[in-house]
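Chain naming here is simple, since letters A, B, ... match the order of the sequence lines and numbering starts at 1 in each.
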Amino acid sequence: MPLHNRDIAGQFDEVADLLEIQGANTFRVRAYRNAARTLRDLPHSIIDMVEAGEKLTELPGIGKDLASKIETIVKTGKFPQLDKLKKKVPAGLTEIKGIAGLGPKRVEKLYEALGVEDLKGLKKAAEDGRVRELSGFGRKTEENILHELETRGSGTRRSLLSEAESRAEPLVDYLDSIDGVDKVVVAGSYRRRKETVGDLDVLVSCTKNSRVMQRFIDYEDVEEVVSQGETRASVILRGGLQVDLRVVASSSYGAALVYFTGSKAHTVQVRKMGQEQGLKINEYGVFEGNKRVAGKTEEGVYEVLGLPYIEPELREKRGEFEAALDNALPELVTLSDIKGNLHNHTKASDGSATLREMAEAAKAQGWAYLAITDHSKALRIANGLDEERLAKQIDEIDALNDELSDITLLKSIEVDILENGSLDLPDTILQRLDLRVCSVHSHFGLSRDKQTRRLLRAMDNPCFNILGHPTGRLIGSREAYPVDMERVIDHAKENGCVLEINAQPQRLDLDDVYCKIACEVGVKLAISTDAHTPHHFGFMRYGIDQARRGWATAEDVVNTRSLKGLRELMTR
DNA sequence: GCCGTTTTCGGCCCGACTGTTTTCAGTCG
């Protein structure tokens with residue numbers, strides 16, 4: 001029985017693939033994919049909705065038919081339609097469809113003509129030279145299939161945004177230096193600041209047809225050229241990251257930027273709105289008949305649609321059009337709004353710098369305050385502080401603050417939330433601190449109900465200020481622990497607690513979706529670097545990115561406040 | 001299969017590149 005929205009979404013995607021291979025109506029196929037996306041984006045459990053008897057048809061892309069299918073899946077754990085489809089065609093065909101260059105038509109042909117049912121069969125057929133005999137296929141296609149089968153797995157992983165940045169920045173500098181190049185920007189999910197990036201979509205505008213395409217192919221990190229044309233090319237960089245380059249004239253720059261920034265769902269909506277007004281929108285501009293009415297700037301494209309500029313981080317079709325039409329888009333928080341950092345470690349636990357080094361580095365960032373939040377004693381592996389050591393650190397910070405100018409160290413702790421929801425240190429010492437970050441570092445495997453009650457109980461303690469890395473996830477390596485985050489958010493609201501956006505690139509926890517809910521409910525956020533060395537202060541901008549994707553304004557974030565304002569928010 | 005200031009039918013985003021063709025289908029983003 002599926003437990004998560006994404007399980008049901010996965011089944012819908014599978015139905016879409018199988019229908020497509022059978023040559024079903026493409027719009028019907030799209031309907032399943034749209035519904036799958038809706039389910040993945042949904043911040044709460046679809047199962048809860050079904051059990052509460054809520055109307056699923058109010059969700060975008062879910063009509064009467066799909067609503068009843070979801071109900072069947074939730075109530076019986078079975079999806080008869082999918083089972084039926086699998087009887088008609090082998091389920092292994094969906095993995096063949098995952099091979100680059102093989103879409104529904106070719107997969108169907110491979111199956112019908114050669115009896116290829118899975119990757120193994122495909123490999124055999126290609127090695128035997130039977131693929132090239134099929135009409136519509138050829139020697140080259142067969143070679144590509146074999147190449148794909150061999151190199152699979154290496155380049156399919158999504159990269160952390162921070163990793164992608166380290167590849168993108170030198171490439172942008174390189175392209176920027178080419179004669180005739182006007183602007184270079186990395187669009188796609190990178191520009192939307194998504195936490196992971198599948199590939200890099202680089203957009204270049206140039207005045208005249210420069211030699212940018214050839215120079216791109218010549219870039220020293222290019223390992224393989226996948227495709228190359230006049231205005232588009234795809235390459236694989238060493239390490240496996242794919243880069244797609246698109247070259248447009250400066251007059252089309254804005255339209256191309258909207259188009260290549262995406263998300264796909266966002267740009268589809270942009271074009272739809274254009275169509276409703278009798279306009280054709282593509283990457284070259286906005287056209288009324290043959291006349292270009294916009295396209296040089298992004299602002300211009302949105303303007304002809306009667307919309308204000310929409311920030312890239314909001315372009316996920318998660319309500320940005322409705323908000324834009326209402327003139328209710330949020331004024332997103334920026335890095336320069338940040339006045340301090342509320343989660344940081346020193347040598348006292350598992351950090352590598354002293355109090356003074358951390359303070360000086362924070363001052364250099366232009367921050368007014370820095371909370372020192374070493375671990376508490378339960379986290380023995382990190383040399384967590386007991387009552388006595390914390391008392392000593394309190395005295396050290398008091399002494400240091402007397403010496404320091406333009407920066408204030410805040411006495412704090414990252415105190416463990418124990419299995420039963422109590423905090424790892426007695427209230428008597430916690431009360432002597434300026435604020436407390438409370439985190440889960442153990443017992444990730446509790447049931448959803450127990451985990452939720454653990455967090456709620458912790459928040460009942462008046463010493464509780466900030467919930468550190470609220471779901472415990474590590475992107476790509478550890479799932480969030482099961483917890484009813486909506487209840488946690490509501491409880492935080494009732495108790496004046498703050499939720500952290502942990503800015504470590506592999507955490508970014510809260511994620512964008514919960515961040516948006518927190519802001520809607522009126523729960524405040526703390527964007528913190530969880531620094532273990534001063535070098536980690538640079539992570540702040542990733543936290544900002546995530547907050548912006550979650551529609552957060554400066555008002556929503558506690559560490560945009562002055563020290564005085566912050567202290568007020570940390571008093572319950 | 002969804003959706004509706006042109007509502008219960010008839011629409012549903014749009015263009016580039018490749019490999020196969022000999023004018024284009026298939027795939028991709």
Using Watson-Crick geometry (N1-N3 plus N6-O4 or O6-N4) or G-U wobble (N1-O2, O6-N3), each under 3.5 Å, B:dG10 is paired with B:dC3

Which of B:dG19, B:dG1, B:dA16 is nearest the side chain of A:Tyr284? It is B:dA16

Residue pair A:Ser135/A:Gly63 against DNA chain B: nearer the 5' end by closest nucleotide is A:Gly63

| message | Looking at A:Glu316 and A:Arg549, is any side-chain nitrogen of the basic one under 4.0 Å from a carboxylate oxygen of the acidic one? | response | yes

Compare side-chain N and O positions of A:Thr141 against OP1 and OP2 of B:dT20 and report whether any pair is under 4.0 Å apart.
yes

N/O to N/O distances under 3.5 Å, protein versus nucleotides 27-29 of chain B:
from: B:dT27; atom 1: OP1; to: A:Gly103; atom 2: N; distance (Å): 2.7
from: B:dT27; atom 1: OP1; to: A:Gly103; atom 2: O; distance (Å): 3.0
from: B:dT27; atom 1: OP1; to: A:Arg106; atom 2: N; distance (Å): 2.9
from: B:dT27; atom 1: OP2; to: A:Lys105; atom 2: N; distance (Å): 3.1
from: B:dT27; atom 1: O5'; to: A:Gly103; atom 2: N; distance (Å): 3.3
from: B:dC28; atom 1: OP1; to: A:Gly101; atom 2: N; distance (Å): 2.7
from: B:dG29; atom 1: O3'; to: A:Arg246; atom 2: NH2; distance (Å): 3.2
from: B:dG29; atom 1: N2; to: A:Tyr259; atom 2: OH; distance (Å): 2.6

(message) Rounding to an integer number of angstrom, what distance separates B:dG26 and B:dT21 when you compare their P atoms?
(response) 12 Å

Determine: side-chain N/O of A:Lys64 to OP1/OP2 of B:dC3, distance under 4.0 Å, yes or no. no

*P spacing across the pair B:dC28 / B:dT23, given as an integer number of angstrom*: 25 Å

Heavy-atom contacts, protein to nucleotides 5-11 of chain B, under 4.0 Å, summarised as B (base), S (sugar-phosphate only) or - (none) per nt, yield -------

Exercise. Taking atom types as modelled, find out whether A:Thr141 and A:Asn144 have a side-chain donor-acceptor pair closer than 3.5 angstrom.
Key: no

With sequence neighbours left out, the residues meeting ring pair (Phe, Tyr, Trp, His ring centres under 6.0 Å) with A:Tyr309 are none

Testing B:dC2, B:dC12, B:dC14 for proximity to the side chain of A:Lys280, the answer is B:dC14

For A:Gly180 and A:Cys206 the tightest heavy-atom approach is O-CB, 3.0 Å

Quick check against the 3.5 Å criterion: does A:Asp201 have a side-chain atom that pairs as donor or acceptor with the backbone of A:Ala187?
no

Self-check item: A:Asn34 vs B:dG1: side-chain N/O to OP1/OP2 distance below 4.0 Å
Solution: no

The reported gap from OG1 in A:Thr38 to CG in A:Leu59 (rounded to nearest 0.5 angstrom) is 7.0 Å

From the list A:Arg40, A:Arg37, A:Lys97, salt bridge (charged side-chain N to carboxylate O under 4.0 Å, His left out) partner of A:Asp13 resolves to A:Arg40

Whole-Å distance, A:Glu143 CD to B:dT18 P, equals 16 Å

Can you tell me, in whole Å, how much space there is between the P of B:dT6 and that of B:dC12? 15 Å

In A:Arg318, A:Arg193, A:Arg192, the residue satisfying side-chain contact (heavy atoms from CB on, under 4.5 Å) with A:Asp512 is A:Arg318

Any donor-acceptor pair under 3.5 Å linking the side-chain atoms of A:Lys109 with those of A:Ser135?
yes

Assert: residue with more 5' nearest nucleotide on DNA chain B, out of A:Thr231 and A:Lys272, is A:Lys272

